[in-house]
Amino acid sequence: MRRVQIKEIADKLQVTTRTIRWYEQKGLITPDKNEENGYRSFTEKEAWRLQTIISLREVGMGIPEIKQVLDELDAGDEQDVLYYLELQRAVMFSQWIELKGMIETLDRMIGNAKEKQELVWEDIHQLVDSAKGYRDLRKTWNDRWGFDRQAAQYDEAVLREPEFNPHQNYNEALDLTCQLVNPRVGERGLEIGIGTGNLAGRFLAKGIEIAGTDQSREMLRQCHAKYPQIETKLGNFLAVPYLDDQFDFVVTSYALHHLTDEQKLLALEEMRRVLKPHGRICITDLMFENEEKRTAVQGEFLAAGKADLWEQIADEYYADRSLLLKWFADKGYVAQAKQVNDFLHILFAVPIR
DNA sequence: GTTCTTACA
DNA sequence: TGTAAGTA
């Protein structure tokens with residue numbers, strides 16, 4: 001086979017020789033070297049590998065991540081490579097959202113300066129502080145619960161009835177959610193935290209187009225196995241992997257309680273972002289009417305000697321329903337709330353036109 | 001003229 | 001990753 005020197009391959013691939021040596025130093029490639037002069041020589045195979053590296057680099061993937069992908073590729077795991085591409089897409093989406101946030105902050109700084117005819121640094125510092133707060137909130141979410149591991153048994157687990165069953169009235173609630181949204185044929189919806197697709201499947205059955213995101217690859221796999229028609233993307237509440245103004249409705253079930261209260265509000269902002277101007281939101285989740293109710297229920301559990309069960313609840317972030325309703329009211333939505341059982345509520349919100 | 005390594009930005 | 005130095 002024909003071998004070429006570094007300059008030739010660099011020209012062909014439109015990169016510098018420095019770049020190629022750098023990739024070698026990082027362990028991405030291992031070209032043969034001439035015994036006497038140490039010159040590297042490249043085959044077609046290696047050219048192809050380099051092209052792959054350059055492509056992945058082009059979409060913003062870091063060197064260590066590219067190394068992982070190449071390892072998967074060497075092992076013949078095409079499927080896993082697809083996962084990395086989706087993961088990368090989710091990462092780039094987070095960055096895009098961050099950039100949007102920076103631009104918005106800048107716009108506020110500029111607006112403030114114009115309004116006051118001068119730079120008021122106190123205001124600017126305050127703006128930056130709040131912007132930084134939001135950014136930190138987005139970054140801090142991580143999956144403490146291991147949904148990738150749960151995915152395979154999720155559907156059975158939902159139906160089991162332990163002493164405390166957070167999934168009591170599960171099917172009933174999902175039916176009700178679908179009913180409240182009352183989608184028309186031709187509308188397009190999104191479920192955030194789609195999991196294994198139990199809610200989305202109900203929309204699908206009505207002939208409604210619905211997309212879904214989840215942070216767990218395994219959940220998405222389960223979902224795809226059950227409903228191949230549903231388009232899914234890796235992503236999460238704080239960086240919904242879709243452009244603005246895309247959906248007629250956004251739904252989510254049994255998911256929001258994995259975010260802190262502050263993050264929940266950010267998530268609502270994200271829902272609104274991907275929603276068309278008059279899009280509606282439906283949230284079905286474990287929550288309490290308000291903080292008094294939460295305290296009261298805690299008291300009942302402790303009095304009944306069920307401290308361990310309460311721990312289980314406290315490990316997640318059951319919402320304060322009044323907080324969510326307040327957000328909806330502040331943002332110009334008319335929201336109605338239905339309580340399904342002691343812990344389960346459905347919130348349905350439509351913007352005022 | 002090309003490549004290589006090393007160091008620095 | 002670009003650039004530059006000093007070699008082979």
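Source: prediction; values computed, not measured. Letters A, B, ... are given to chains in the order of the sequence lines, protein chains preceding strands, and every chain is numbered from 1.
- Going from atom CD of A:Glu36 over to atom P of B:dT2 covers 20 Å, rounded to whole Å.
- Taking atom CG of A:Asn34 as the reference point, atom C1' of B:dT2 lies 13 Å away to the nearest angstrom.
- We find that CD1 of A:Ile20 is positioned 14 Å from C1' of B:dC4, with the value rounded to whole Å.
- One finds no side-chain N or O of A:Arg21 lying less than 4.0 angstrom from the OP1 or OP2 phosphate oxygen of B:dT6.
- Remark: C:dT7 base-pairs with no nucleotide; criterion is Watson-Crick or G-U wobble with both hydrogen-bond distances under 3.5 Å.
- Applying side-chain hydrogen bond (donor to acceptor under 3.5 Å, both in side chains) to A:Thr260 and the options A:Glu262, A:His258, A:Gln263 leaves one that passes, A:Gln263.
- Within the structure, every side-chain polar atom (N or O) of A:Gln5 is placed at least 4.0 Å from both OP1 and OP2 of B:dT2.
- The pair A:Asp175-A:Arg202 meets the salt-bridge criterion, with a side-chain N (NZ, NE, NH1 or NH2) lying under 4.0 Å from an Asp/Glu carboxylate O.
- The distance from atom CZ of A:Arg3 to atom P of B:dT3 is 16 Å, rounded to the nearest whole Å.
- Spacing between atom CG of A:Asp11 and atom C1' of B:dT2 amounts to 12 Å, rounded to whole angstrom units.
- For the atom pair A:Glu46 CD and A:Ser41 OG, the distance stands at 7.0 Å (nearest 0.5 Å).
- Cation-pi geometry between A:Arg294 and A:Phe288 is not met: the NZ or CZ atom fails to fall both under 6.0 Å from the ring centre and inside 45° of the normal.
- Looking at heavy-atom distances under 4.0 Å, A:Lys26 makes no contact with the nucleic acid at all.
- A:Gln25 has its CD atom 9 Å from the P atom of B:dT6, to the nearest Å.
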In 5'-to-3' order, the base (B), backbone-only (S) or no-contact (-) status of each nucleotide in nucleotides 2-8 of chain C, using a 4.0 angstrom heavy-atom cut-off, is BB-----

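- For the OP1/OP2 pair of B:dC4 and a distance below 4.0 Å, the side-chain nitrogens and oxygens of A:Lys7 include no atom meeting the criterion.
- Under the 6.0 Å cut-off for aromatic ring centres, A:Phe203 and A:Tyr227 do not qualify, their centroids lying 6.0 Å or more apart.
- Of all nucleotides listed (C:dT1, B:dT3, B:dT5), B:dT3 comes nearest to the side chain of A:Ile6.
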Are A:Phe164 and A:Phe343 close enough, and set up right, to give a ring pair (Phe, Tyr, Trp, His ring centres under 6.0 Å), and what steps lead you there? CA-CA 11 Å; A:Phe164 167 65; A:Phe343 305 95; 5.1 Å; yes

- Intermediate values then yes/no, ring pair (Phe, Tyr, Trp, His ring centres under 6.0 Å), A:Tyr170 and A:Tyr254: CA-CA 9 Å; A:Tyr170 182 73; A:Tyr254 294 91; 5.0 Å; yes

